[in-house]
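Residue indices begin at 1 and follow the sequence shown.
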Amino acid sequence: MIFSMPLMLAILIFIVKELVSNKLATNSGFSRLNDFYSGFMAWKDHPIFGAGYGDITSRLKYVSSFRLARAETGFTNSPFEVLDEGGIYLFLPFFMSFVFCLRYGLKKHNYEVICFLVGLTFIFVVCIFSRTFLILTFLAASHALFGIKKD
């Protein structure tokens, strides 16, 4: 087990690096990078409470003309969607859910939880996933489970 975990981690890093580099070489990859940039710049305008839930006008002013020509209102990543619309105030429950689960998986040596969390994190970062049933259930369950006081 001691030797297999670093090997599995190295293989996972290699696969993710290859997938990301291949994806970023396309027009879709450029759009994703531009979305990260526009989301970050929009979040900087309103870092604490965001621009408002569902308000995309703050990030549209930072989107490149090439990106606007492809899809005017599309966006491709959840972290900056949450940060842009709700700031750190709305992002904190998402972040803490991931931290709670990672801490639990490491403490209990539960690698299924860690693998699930890695997959969920990947989806959360590369897709609009912040308003889906799965992520909202994950948020509720992680806060409920880790909020219970243990005797």
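- Residues Phe138 and Phe133 are members of separate hydrophobic clusters, defined by side-chain heavy-atom contacts under 4.5 angstrom among Ile, Leu, Val, Met, Phe, Trp and Tyr.
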Ile135 and Leu120: side-chain contact (heavy atoms from CB on, under 4.5 Å), yes or no, with the steps?
-> CA-CA 8 Å; Ile135 196 72; Leu120 191 65; 4.1 Å; yes
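- The salt bridge (charged side-chain N to carboxylate O under 4.0 Å, His left out) check on Arg131 picks up Glu81, Glu85, with sequence neighbours excluded.
- Under the 4.5 Å side-chain heavy-atom criterion for grouping Ile, Leu, Val, Met, Phe, Trp and Tyr, Val82 is not connected to Ile48 through any hydrophobic cluster.
- One hydrophobic cluster holds both Met96 and Leu134 under the rule that ILVMFWY side chains link at heavy-atom gaps under 4.5 Å.
- Taken to the nearest 0.5 Å, the CZ atom of Phe98 stands 4.5 Å off from the OG1 atom of Thr121.
- Side-chain contact, Tyr62 with Asp45: a donor N or O sits under 3.5 Å from an acceptor N or O.
- Hydrophobic cluster membership is shared by Phe124 and Val99, with clusters built from Ile, Leu, Val, Met, Phe, Trp and Tyr side chains linked at under 4.5 angstrom.
- Cluster membership for Phe49 and Leu90, using ILVMFWY side-chain heavy atoms within less than 4.5 angstrom, is not shared.
- A donor-acceptor distance shorter than 3.5 angstrom exists from the side chain of Ser78 to the backbone of Cys127, with no hydrogens or angles considered.
- Taking OG from Ser142 and CG from Leu102, the interatomic distance works out to 12.0 Å, rounded to the nearest 0.5 Å.
- Note on ring orientation: taking the six-membered ring where Trp is involved, the planes of Phe91 and Phe94 are parallel (angle under 30°, cut-offs 30° and 60°).
- Shortest non-hydrogen contact noted between Asn77 and Ile128 is O-CD1, 3.5 Å.
- Between the CZ atom in Phe122 and the CG atom in Leu117 there is a gap of 14.0 Å [rounded to 0.5 Å].
- Closest approach of Val113 and Tyr104 over heavy atoms only: CG2-CE2, 4.1 Å.
- Distance check, rounded to the nearest 0.5 Å: NE2 of His46 to CG of Leu83 gives 13.0 Å.
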Start with the C-alpha distance between Ile88 and Phe95, add both sets of side-chain angles, then the distance that settles side-chain contact (heavy atoms from CB on, under 4.5 Å), and finish with yes or no.
-> CA-CA 10 Å; Ile88 293 173; Phe95 181 73; over 6 Å; no
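- The list of side-chain hydrogen bond (donor to acceptor under 3.5 Å, both in side chains) pairs with a residue in residues 86-95, not counting sequence neighbours, is empty.
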Full working for side chain to side chain donor-acceptor pair (under 3.5 Å) between Ser97 and His143 = CA-CA 6 Å; Ser97 294; His143 283 276; 2.9 Å; yes
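- Considering CZ of Phe100 and CG of Leu139, their distance stands at 11.0 Å, rounded to 0.5 Å.
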Please test Phe36 against Val125 for side-chain contact (heavy atoms from CB on, under 4.5 Å), starting from the C-alpha separation and ending with a verdict.
-> CA-CA 10 Å; Phe36 276 103; Val125 170; 4.0 Å; yes
Phe80 and Asp35: CA distance, side-chain angles, deciding distance, side-chain contact (heavy atoms from CB on, under 4.5 Å) verdict = CA-CA 8 Å; Phe80 282 114; Asp35 285 346; over 6 Å; no
